[in-house]
Amino acid sequence: MSALLDIAGSAVLGGLLLLIAITAADTATQEFVNYQSDAIVQQNLTQMSRILEYDLRKMGFGVPEAQVNNILQIGRPNRLRFIAQLNLNPDSYAPIPGVTGFDDIPDTIEYTITRADTTNFLDTVIVMYDINRRTASSAGVSETIIIGRIGNNNVFRYLDQIGRPTAVLMAARMVEVTLTAFNPRVMLSPEMVRSDLRNIRDRQFRKRELRRLLRASYWRQTRLVSKNLRR
């Protein structure tokens, strides 16, 4: 009888140890994946910011004095279009499809923020946006690429000479860029969020909890001054 009890006790204890080991391994794997997701989000956000900063610092570069007022062509929170010289000389040359030489005619760069994915979290809907970058050369060749995905569509803000927001394009001398990325832990597992909040009856509490969970994890804000706009 005692032998049977020993065997049963050993089986139960072994099962508990196995369950603990499986749970620990699952938690470690989840944390590792989330950590890697965090790193990827930060790297992508940095890369998007660098591309935008590089383009915006060239705003108006090589544009004749007579065309200064036409540098900024469209200036909205989710759309920006301006002209700049991308292939004036070998030092400033940027590869553009179909362009193999250099000229003195300004090229066009346009950024458009468009809706990409929508995720429904019960009381809250999260919308992700693509950043579309379009370049059009003086030869009529254009290229459009998506440089990344963010959580806000009000990316651009236009400021005057002393840093005040302005709605007049001709008065804009700086462009402020804001990029936001959501917590990848939540964005990768919407089912987890739904299961945690589905049984909560208090609607206002659910909303507060969702806002806490879905807060932006990372954001970058850069104020770029165009020397060519200040001529």
With Arg134 via salt bridge (charged side-chain N to carboxylate O under 4.0 Å, His left out) - residues at least two apart
Glu110
Approximate separation, where rounding is to 0.5 Å, of Ile147 CD1 and Tyr111 OH:
4.5 Å
Under a 3.5 Å cutoff, is there a donor and acceptor pairing between the side chains of Asp107 and Ser137?
no
Straight-line distance of Asn154 CG to Tyr129 OH, nearest 0.5 Å
8.5 Å
Clusters formed by hydrophobic residues whose side-chain heavy atoms approach within less than 4.5 Å: which one holds Met170, and what are its other members?
Val168
Just to verify, what does Arg133 make a salt bridge (charged side-chain N to carboxylate O under 4.0 Å, His left out) with, not counting sequence neighbours?
Asp55
Set of side chain to side chain contact (heavy atoms under 4.5 Å, CB included) partners for Gln73, sequence neighbours left out:
Arg81, Ile83
Can any side-chain N or O of Asn132 pair as donor or acceptor with the backbone N or O of Thr112 at less than 3.5 Å?
yes
Listed partners of Thr108 passing side-chain hydrogen bond (donor to acceptor under 3.5 Å, both in side chains), at least two apart
none
Flag side-chain contact, heavy atom, 4.5 Å: Leu86 against Ile109:
yes
With a 4.5 Å limit on heavy-atom distance, are the side chains of Ile150 and Met48 in contact?
yes
Quick check: closest heavy atoms across Ala172 and Tyr158, and the distance to 0.1 Å?
CB-CB, 4.2 Å
From CA spacing to verdict: side chain to side chain contact (heavy atoms under 4.5 Å, CB included), Val63, Val68
CA-CA 7 Å; Val63 176; Val68 168; 5.6 Å; no
First locate atom CD1 of Ile51, then atom CD1 of Ile145, and finally report the distance between them rounded to the nearest 0.5 Å.
6.0 Å
Verify the cluster assignment for Val127 and Phe156: are they in a single hydrophobic cluster under the rule of side-chain heavy atoms below 4.5 Å apart?
yes
Heavy-atom nearest pair, Ala84 first then Met59, reads CB-CA, 4.3 Å
Side chain to side chain contact (heavy atoms under 4.5 Å, CB included) with Arg76: which residues, sequence neighbours excluded?
Ile74, Asn78, Arg79
Could you work out, with salt bridge (charged side-chain N to carboxylate O under 4.0 Å, His left out) as the rule, every residue matching Glu53, not counting sequence neighbours?
none
Quick check against the 3.5 Å criterion: does Asn152 have a side-chain atom that pairs as donor or acceptor with the backbone of Thr180?
yes
Within this structure, what is the CZ-CZ distance for the pair Phe82 and Phe61, rounded to the nearest 0.5 Å?
13.0 Å
For Asp117, the side-chain hydrogen bond (donor to acceptor under 3.5 Å, both in side chains) test, sequence neighbours excluded, returns Arg149
Can you tell me if Ser49 uses its side chain to pair, donor with acceptor, with the backbone of Leu45 under 3.5 Å?
no
Would you check, one step at a time, whether the test side chain to side chain contact (heavy atoms under 4.5 Å, CB included) holds for Ile131 with Val155?
CA-CA 9 Å; Ile131 304 179; Val155 173; 5.5 Å; no
Mind checking the CG-CD1 spacing from Leu80 to Ile113? Nearest 0.5 Å is all I need.
9.0 Å
When every non-hydrogen atom of Arg157 is compared with those of Pro165, the smallest separation belongs to NH1-CG, 3.2 Å
